[in-house]
Amino acid sequence: MLKIQVLVQQFSTPSRCFSSLRKQTIAPKMVTAAVSSSAADAGNNVLGEGIRTTYGIGSDVTIRWGLLKCKVVPPAKNGKAQTWEQYRKTTEKDRQQLRKQFAERLEVIAYPERERRRIVGVALGVVAVALGAYLVSKGASPLQRAWVAPPLVFSLGFIDSSIQGLCTESWAGAWDVDDTGLEYMPNKDVAERIQQKVLRMYIRDSVISTGLLAAFCFWPL
């Protein structure tokens with residue numbers, strides 16, 4: 001009977017009831033969010049949500065060749081296989097240094113991925129040149145010559161991404177500093193500064209590719 005009276009007193013008013021429920025359910029979630037979402041706040045946009053949904057952040061998945069969702073396979077240690085968590089733990093000191101460098105340089109892509117993107121960009125550039133030469137040899141009209149646009153645009157995008165160390169994953173507030181998985185950046189300020197740099201890169205690439213395409217399409221044959 002005494003126990004029932006105590007419970008009735010605790011929840012006798014809406015304010016007490018709300019306060020009690022808040023302590024039990026809401027507070028822990030808010031603490032978790034405060035710890036994990038400071039940089040994620042910069043990714044609260046349609047593109048960022050798409051990246052988080054497609055690739056995930058904070059797991060053994062990363063982006064390779066600019067688009068592919070790949071599972072990270074840790075190297076063996078002393079002849080024994082490692083889990084992703086074990087590998088991340090043993091390499092954390094190196095990753096801390098890389099995070100500092102990437103924050104200073106405003107970059108988001110690990111060097112192995114930058115090299116992969118350079119290869120893709122050069123390959124697409126070769127395709128664009130070969131296709132352009134073929135269209136010119138056939139006396140293609142300006143509209144037909146516009147078929148060179150896809151490989152040209154993506155070639156410039158991949159090459160510039162490789163040089164600048166930037167890509168769209170920054171719009172989720174995330175980066176991959178050592179090619180072992182996407183993770184959130186250290187804070188919202190760094191994420192937003194990188195996002196602005198990415199936006200400038202895309203604008204620059206769009207202007208260059210549009211100019212090159214226009215010159216190729218309307219140059220008299």
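- With values rounded to the nearest 0.5 angstrom, Arg52 atom CZ is found 4.5 Å from Tyr184 atom OH.
- Within the 4.5 Å cutoff, the side chain of Phe216 has heavy atoms near those of the Val136 side chain.
- Closest of all the heavy-atom pairs between Ile51 and Thr168 is CD1-O, 3.0 Å.
- Judged by distance alone, with hydrogens and angles left aside, the side-chain atoms of Gln82 form a donor-acceptor pair with the main-chain N or O of Pro75 at under 3.5 Å.
- A single hydrophobic cluster is not seen to contain both Trp219 and Leu135; linkage of ILVMFWY side chains at heavy-atom distances under 4.5 Å, directly or through other members, places them apart.
- Shown here for Ile57 and Ala174, the closest heavy-atom pair between the two residues is CD1-CB, 3.7 Å.
- Under the 4.5 Å side-chain heavy-atom criterion for grouping Ile, Leu, Val, Met, Phe, Trp and Tyr, Val127 is not connected to Val148 through any hydrophobic cluster.
- Interatomic distance, Ser206 OG to Met201 CE, rounded to the nearest 0.5 Å: 9.5 Å.
- Within a 6.0 Å sphere centred on OH of Tyr55, heavy atoms belonging to other residues, nucleotides or ligands number more than 12.
- Applying side chain to side chain contact (heavy atoms under 4.5 Å, CB included) to Ser141 and the options Lys138, Gln144, Arg145 leaves one that passes, Gln144.
- Residues Val198 and Cys167 approach most closely at CG2-O, 3.7 Å, considering heavy atoms.
- For the pair Asp160/Ile208, no side-chain contact is recorded, criterion being any heavy-atom separation below 4.5 Å from C-beta on.
- Closest approach of Trp175 to Met185, counting heavy atoms only: CD2-CG, 3.7 Å.
- Looking at Gln86 and Thr90, their side chains never come closer than 4.5 Å, going by heavy atoms from C-beta outward.
- Contact check for Val177 versus Glu183: side-chain heavy atoms found under the 4.5 Å cut-off.
- Looking only at side-chain heavy atoms (C-beta outward), Leu213 and Leu152 come within less than 4.5 Å of each other.
- Linking Ile, Leu, Val, Met, Phe, Trp and Tyr residues whenever their side-chain heavy atoms come within less than 4.5 Å leaves Leu124 and Val153 in two separate clusters.
- Residue Tyr134 qualifies as open at atom OH: its count of foreign heavy atoms under 6.0 Å is 12 or below.
- Residues near Val73 contribute nothing to a hydrophobic cluster around it, because no ILVMFWY side-chain heavy atom sits closer than 4.5 Å to its side chain.
- Looking only at distances, a side-chain donor or acceptor of Asp176 sits under 3.5 Å from a matching main-chain atom of Thr180.
- How far CG of Asp179 is from CD1 of Ile63: 11.0 Å, rounded to the nearest 0.5 Å.
- For the atom pair CZ (Arg99) and CG (Asp178), the distance works out to 8.0 Å, reported to the nearest 0.5 Å.
- Using a 4.5 Å heavy-atom cutoff, the side chains of Trp65 and Ile119 are in contact.
- Between Gln195 and Leu47, the closest side-chain pair of non-hydrogen atoms is not below 4.5 Å.
- At least one side-chain heavy atom of Gln164 sits under 4.5 Å from a side-chain heavy atom of Arg204.
- Contact record, Gly173 with Ala191: CA-CB, 4.2 Å, taken as the closest heavy-atom pair.
- Contact detail for Leu166 and Ser161: the closest heavy-atom pair is O-OG, 2.5 Å.
- Rounded to the nearest 0.5 angstrom, Asp205 CG and Phe158 CZ are separated by 12.0 Å.
- Counting heavy atoms of neighbouring residues, nucleotides and ligands inside a 6.0 Å radius, atom CH2 of Trp147 does not exceed 12 of them.
- A donor-acceptor contact shorter than 3.5 Å is absent between the side chain of Arg64 and the backbone of Pro112.
- In terms of modelled atom types and a separation under 3.5 Å, the side chain of Lys69 and the main chain of Thr54 share a donor-acceptor contact.
- Hydrophobic clustering of Ile, Leu, Val, Met, Phe, Trp and Tyr side chains at less than 4.5 Å, counting indirect connections, keeps Leu131 apart from Val122.
- Using a 4.0 Å cut-off between charged nitrogen and carboxylate oxygen, Lys89 and Glu92 do not count as a salt-bridge pair.
- No salt bridge links Arg88 with Glu85; every basic N to acidic carboxylate O contact stays at or beyond 4.0 Å.
- Follow the hydrophobic side-chain contacts under 4.5 Å out from Phe154 and you never reach Leu156; the two are in separate clusters.
- In this structure, the separation between CZ on Arg95 and CG on Leu98 is 8.5 Å, given to the nearest 0.5 Å.
- Not one N or O on the side chain of Asn78 forms a donor-acceptor pair closer than 3.5 Å with the backbone of Lys80.
- Side-chain N or O atoms of Arg117 include none that pairs as donor or acceptor with a backbone N or O of Ser162 at under 3.5 Å.
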